[in-house]
Amino acid sequence: MATNRTFTMLKPDSVEKGYIGAILEKINATGFRIVAMKMTQMTVADAKEFYAIHSERPFFGELVEYMTRGPIIAAVLEKENAVEDFRALIGATNPAEAAEGTIRKMYAASMGENAVHGSDSDENAAIESAFHFSGREMF
Ligand code: IDP
Ligand code: MG
């Protein structure tokens, strides 16, 4: 995986509230190319594996319940400096602390239900992309 890619999920709250189009519009307008994309639903086992790094945190059960309660949009995005630029576009984990104009400021309800995921490193972008997509599904 090249270092100019990142992985995102439009989380179940975004899908439930009908924000898919608006969020994808913002992603496109910021210059990201969509390399792979699908609607899917994580199983409990999937979510526990994907978020294994948080397994000891007090909110882990809540996080797994949230991320498995409905479908998500999973996508791989390409742009120069993709990981850092996408984290800037989505804003802080807690929408109350997210900058004006960021996706979480505009579409997230709370720290727990915060609309979108963005990889935090090139290494994790590659791992997370491979979790959801085979090589043949990335363009
Ligand atoms: P990030 O998504 O901004 O990278 P992380 O700290 O990696 O934030 O946490 C992963 C996800 O776990 C968050 O996006 C959010 O959905 C959830 N989460 C993080 N901290 C809390 C919390 O204090 N309460 C409830 N959920 C949380
Ligand atoms: Mg994170």
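All residue numbers in this chain count up from 1 along the given sequence. Remember, it's 1-based here, ligands and their atoms both numbered in the order they're listed.
- Using a non-hydrogen distance threshold of 4.0 Å, M9 does not register as a contact of ligand 1.
- Applying the 6.0 Å contact sphere to CD of E65 captures no more than 12 heavy atoms from other residues, nucleotides or ligands.
- Nearest protein heavy-atom contact of atom 3 (O) of ligand 1 is T93 OG1, 2.5 Å.
- Of the protein's heavy atoms, N114 ND2, 3.5 Å lies nearest to atom 13 (C) of ligand 1.
- Using 4.0 Å as the threshold, M67 has no heavy atom nearer than that to any atom of ligand 1.
- Look at E62 and you'll find a heavy atom under 4.0 Å from some atom of ligand 1.
- At the shortest separation from atom 4 (O) of ligand 1 among protein heavy atoms lies R87 NH1, 2.9 Å.
- Scanning the protein for heavy atoms near atom 7 (O) of ligand 1, the closest one is H54 NE2, 3.0 Å.
- Looking at heavy atoms from C-beta onward, D85 lies out of side-chain contact with T6 at the 4.5 angstrom threshold.
- Checking side-chain atoms of N114 against main-chain N and O of A108 turns up no donor-acceptor pair under 3.5 Å.
- Within ligand 1, the atoms closer than 4.0 Å to a non-hydrogen atom of K11 are 13 (C), 14 (O), 16 (O), numbered from 1 in the order shown.
- Of the protein's non-hydrogen atoms, the one nearest atom 11 (C) of ligand 1 is L63 CD1, 4.0 Å.
- Within the structure, ring pair (Phe, Tyr, Trp, His ring centres under 6.0 Å) contacts touching residues 83-106 (residues at least two apart or in different chains) are F32-F86.
- No donor-acceptor pair closer than 3.5 Å links the side chain of E113 to the backbone N or O of S110.
- Annotation: cation-pi pair K17/Y107 absent, no NZ/CZ under 6.0 Å from the ring centroid and within 45° of its normal.
- Atom 2 (O) of ligand 1 has its nearest heavy-atom neighbour, among M111, R104, H117, in R104.
- The nearest heavy-atom contact from the protein to atom 26 (N) of ligand 1 is G112 CA, 3.4 Å.
- Distances between N or O atoms of F59 and those of ligand 1 include no value under 3.5 Å.
- Put simply, CD on E78 and CE on M138 are 11.5 Å apart, with the number rounded to the nearest 0.5 Å.
- The line from NE2 of H132 to CD1 of I127 is 12.5 Å long, rounded to the nearest 0.5 Å.
- K11 contributes atom NZ, which lies 5.0 Å from atom OH of Y66 (distance to the nearest 0.5 angstrom).
- Heavy atoms of R57 come nearer than 4.0 angstrom to ligand 1 in no pair at all.
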